[in-house]
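Take a look at the structure set out below.
Order of listing sets the numbers, starting from 1, for every ligand and every atom in it.
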Amino acid sequence: MKKKYILGALACLGGVCLLSCNRRGLGEPEQKYVGVACYNESDAFVGELLTCFKEECEERKLALTIRDAAGSQRTQNDQVRELLEEGCNVLCVNLVDRTDPSEIIDMAREKGVQVIFFNREPVMEDLTQWDNLYYVGADAEQSGVMQGELAAQVVSEKDAMDRNQDGKIQYVILEGEMDHQDAIIRTESVTNTLEECGVVLERLSYGIANWSRVQAQNRMTQIIEQYPTEIELVLSNNDAMALGAVDAYKEKQYLKEEMPIFFGIDGIRPGLNAVKSAELAGTVYNNKEKQAEVMAELAYAIVKGKQSEEIGIESNQYIYIPYEKVTLENVSDFLADKNE
Ligand code: GAL
Ligand code: CA
């Protein structure tokens, strides 16, 4: 089913909310707070997203408690239980295991606390269990398509990508976590898009590096040892892993012209800097500022007592923020506007 993101509805919430009253009644404490459960704070993109979210919450005078599950769903369930017991008024959950939100949903529902899932997308059967559940993120397929289009553009501009001139592009793909929507869908859609653009691909190898720069560097080092000169293109499910791949080549003292061409996704600060210095040929901007703003807007509406029917997201509770292509030509806009 095609899902849409609705910003218009959210944009007017701010004003409306000020007028609405507190559903929790008079005896309740006035301080409203947002409980945030994060899958792993060492994740570069999620870290930048949370920084933006903190700022958005400060502007709205929403208090915030952030818990880090460090990769364990069990820990996260315990943390959510604590946040609920401490009386949080809304929950923002970045699931560890996106296929396993049931316990969290049950606990929240029991307390009548609405949940905004973000970045790690629950499946529709779970999200539609209760009306007061939302997801804020981005459409994984769009990012893969954009990455594919960026790469196809370079193939068409420069003969240089097909270094051995065999009419095929020898590539390696670096993937995020195995069950993550962004890993599965980006991998599939980037290669489909390249093929639809008429590029003949030959996959030499792949690595699952869990979004991590260090894991990607290690895996890429092994792959380089197997294919020291053959790799023409490195497609990575995110910037951190693309940068890890570049690190591997640098560590092995390759010159720039001997390296393949690299593409990432996210536009985290080090990723944008690498596009600027042409270490990455491009990336796809995962708009954390907008995601954070929409989450805060929604959290604000909820703590002011709005229920889902008043909030009115006509998109099966899913809100997707569009991605944007980033290359050397427009990277300065992103460095200036979005990250300063
Ligand atoms: C993706 C992002 C990755 C990683 C992952 C964590 O959207 O592109 O870099 O942060 O989320 O869930
Ligand atoms: Ca080739």
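Each of the following atoms of ligand 1 lies closer than 4.0 Å to a heavy atom of Asn238: 3 (C), 9 (O). Near Asp182, with a cut-off below 4.0 Å to any heavy atom, the atoms of ligand 1 are 1 (C), 7 (O), 11 (O). Counting atoms of ligand 1 from 1 in the listed order, those under 4.0 Å from a heavy atom of Asp266 are 2 (C), 3 (C), 8 (O), 9 (O). When each atom of ligand 1 is checked for a heavy atom of Asn286 under 4.0 Å away, the hits are 7 (O), 8 (O).
For Arg203 and Tyr171, the positive end is not near the middle of the six-membered ring at less than 6.0 Å and at most 45° from its axis.
Here Arg67 pairs with Glu82 in a salt bridge; the nearest charged N to carboxylate O distance falls below 4.0 Å. Under a 4.0 Å N-O distance rule, the pair Lys288/Glu48 qualifies as a salt bridge. Arg98 has no carboxylate O lying under 4.0 Å from a charged side-chain N of Asp179, or vice versa, which leaves the two without a salt bridge. Contact check on Lys290 versus Glu297 returns no salt bridge, with no Lys/Arg side-chain nitrogen under 4.0 Å from an Asp/Glu carboxylate oxygen.
Backbone and side-chain nitrogen or oxygen atoms of Arg120 are examined, and one is located within less than 3.5 angstrom of a nitrogen or oxygen of ligand 1. Remark: ligand 1 and Asn237 share no N or O pair separated by less than 3.5 Å (distance only, no angle test). Residue Trp211 places no N or O, backbone or side chain, under 3.5 Å from any N or O of ligand 1. The shortest N/O to N/O separation between Glu177 and ligand 1 does not fall below 3.5 Å.
When all heavy atoms are compared, the tightest approach of Leu50 to Cys38 is CD1-SG, 3.8 Å. Taking each heavy atom of Gly176 and Asn237 in turn, the nearest pair found is N-OD1, 3.0 Å. Between Ala248 and Met220, the shortest heavy-atom contact is CB-CB, 3.8 Å.
Protein N/O/S atoms closer than 3.0 Å to the Ca ion (ligand 2), listed by chain and residue number, are Asp162 OD1, Asn164 OD1, Asp166 OD1, Lys168 O, Gln170 OE1, Glu232 OE1, Glu232 OE2.
Aromatic pair Tyr134/Phe118: ring centres not closer than 6.0 Å.
Atom 10 (O) of ligand 1 has as its closest protein heavy atom Asp43 OD1, 2.7 Å. Of the protein's non-hydrogen atoms, the one nearest atom 11 (O) of ligand 1 is Asn119 ND2, 2.9 Å.
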Hey, mind stepping through Leu233 and Val155 against side chain to side chain contact (heavy atoms under 4.5 Å, CB included) and telling me if it holds?
CA-CA 10 Å; Leu233 169 65; Val155 175; 5.7 Å; no

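For Ile265, the closest heavy-atom approach to ligand 1 does not fall below 4.0 Å. Heavy-atom distances between Arg186 and ligand 1 reach below 4.0 Å in at least one pair.
Residues Asp100 and Leu95 have side chains not in contact (no heavy-atom distance under 4.5 Å, counting atoms from C-beta outward).
The aromatic rings of Tyr135 and Tyr320 lie perpendicular to each other, with more than 60° between the two planes, well past the 30° mark.
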